[in-house]
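I have a structure here, written as structure tokens, and I will follow up with some questions on it.
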Amino acid sequence: MVREITENDFEGLLRLYMQLHDNPFPEKNDKVIGIWKSILNDKNHHIIVAEESGMLISSCVCVIIPNLTHGQRPYALIENVITDKNFRKKGYATACLNFAKGIAQRENCYKMMLLTGSKSKDTLDFYEQAGYNKRDKTAFIQWL
């Protein structure tokens with residue numbers, strides 16, 4: 001089942017995120033809970049998850065960004081694409097990305113952007129098969 005996150009998915013999502021760049025499980029303090037509530041209350045911030053037998057096994061984030069160019073159509077940014085290592089290559093991430101695409105289409109976005117730090121051919125091929133291309137734009141990152 002692919003759906004948007006609910007308030008009850010907090011710990012399952014953070015467990016999944018531990019496999020994303022080896023993130024440690026954060027302390028459940030006021031700062032973390034505040035960020036979580038802010039995300040849940042932001043109509044432009046969508047966390048999509050794939051669930052199987054009550055376990056979150058794949059996810060991506062889709063943020064809709066208002067825009068004054070391109071006929072004032074917004075664009076979407078995709079981030080934090082992750083699938084549990086025991087469930088990879090079974091279509092779950094593709095299903096999450098397709099769900100995100102549906103949100104972007106519903107919001108009349110003119111484009112979706114996705115960045116990856118991976119240099120793995122399998123990962124890059126996966127994103128191309130999901131409809132993203134690496135030819136149209138050049139990405140630059142400035143770490144803060």
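Because only heavy atoms are used, hydrogens play no part in the values below, and waters and symmetry mates are left out as well, while side chains stay in.
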Decide yes or no on side-chain contact (heavy atoms from CB on, under 4.5 Å) for K137 and K111, but give the supporting numbers first. CA-CA 12 Å; K137 297 271 186 174; K111 71 178 177 182; 3.6 Å; yes
With rounding to the nearest 0.5 angstrom, report the CG to CG distance, N133 to L114. 11.0 Å
Treat each ILVMFWY residue as a node, draw an edge where side-chain heavy atoms are under 4.5 Å apart, and state whether I35 and I33 are in one component. yes
Least distance between heavy atoms, Y75 atom then C109 atom: C-SG, 3.7 Å
What distance do S118 atom OG and H21 atom NE2 have between them, rounded to the nearest 0.5 Å? 9.5 Å
With a 4.0 Å cut-off, would you call D9 and R3 a salt bridge? yes
Check for me, please, whether M1 and I57 land in the same ILVMFWY cluster - side-chain distances under 4.5 Å, paths through other members count. no
Are the side chains of M55 and R15 in touch, meaning some heavy atoms are under 4.5 Å apart? no
Verify side-chain contact (heavy atoms from CB on, under 4.5 Å) between I5 and L56, making sure each step is shown before the conclusion. CA-CA 10 Å; I5 202 94; L56 301 186; 4.3 Å; yes
Between Y132 and M112, the two heavy atoms sitting closest are OH-CE, 3.2 Å
Hydrophobic cluster identity match, L20 and V49, side-chain contacts under 4.5 Å: yes
Start with the C-alpha distance between R135 and E128, add both sets of side-chain angles, then the distance that settles salt bridge (charged side-chain N to carboxylate O under 4.0 Å, His left out), and finish with yes or no. CA-CA 11 Å; R135 297 173 305 281; E128 285 193 302; 3.7 Å; yes
Nearest heavy-atom contact between A104 and A76 is CB-CB, 4.0 Å
Go through the steps for I48 and I103 under the test side-chain contact (heavy atoms from CB on, under 4.5 Å), then give the verdict. CA-CA 10 Å; I48 295 113; I103 291 170; 4.0 Å; yes
Separation between CD of E107 and CD1 of I65, rounded to the nearest 0.5 Å: 12.5 Å
Does any part of the side chain of V63, heavy atoms only, come nearer than 4.5 Å to the side chain of D42, both counted from C-beta? no
Could you measure the distance from the SG atom of C62 to the CD1 atom of I47? Nearest 0.5 Å is fine. 11.0 Å
Contact summary for D84 and L16, nearest pair of heavy atoms: N-CD1, 3.6 Å
N67 to P74 - nearest heavy-atom pair and separation: CB-CA, 4.0 Å
Are Y92 and F126 connected, step by step, through hydrophobic side chains (Ile, Leu, Val, Met, Phe, Trp, Tyr) whose heavy atoms are closer than 4.5 Å? no
What's the separation between atom CD1 in I39 and atom NE2 in H46, rounded to the nearest 0.5 Å? 12.0 Å
Should we say atom CD of E7 is surrounded by more than 12 heavy atoms from elsewhere, each under 6.0 Å from it? no
Rounded to the nearest 0.5 Å, what separates atom CD1 in I64 from atom CG in N108? 10.5 Å
In short, C96 meets V2 closest at the heavy-atom pair CA-CG1, 4.2 Å
Quick one: are T94 and Q129 in side-chain contact, heavy atoms under 4.5 Å? no
D125 atom CG: more than 12 heavy-atom contacts under 6.0 Å: yes
Decide whether L97 and M113 are clustered together by the hydrophobic rule: side chain heavy atoms of Ile, Leu, Val, Met, Phe, Trp, Tyr closer than 4.5 Å, transitively. no
Between K90 and T83, is the side-chain contact (heavy atoms from CB on, under 4.5 Å) condition met? List the steps. CA-CA 10 Å; K90 296 180 179 178; T83 300; over 6 Å; no
Determine yes or no for a side-chain-to-main-chain donor-acceptor pair under 3.5 angstrom, with Q19 supplying the side chain and I82 the backbone. no
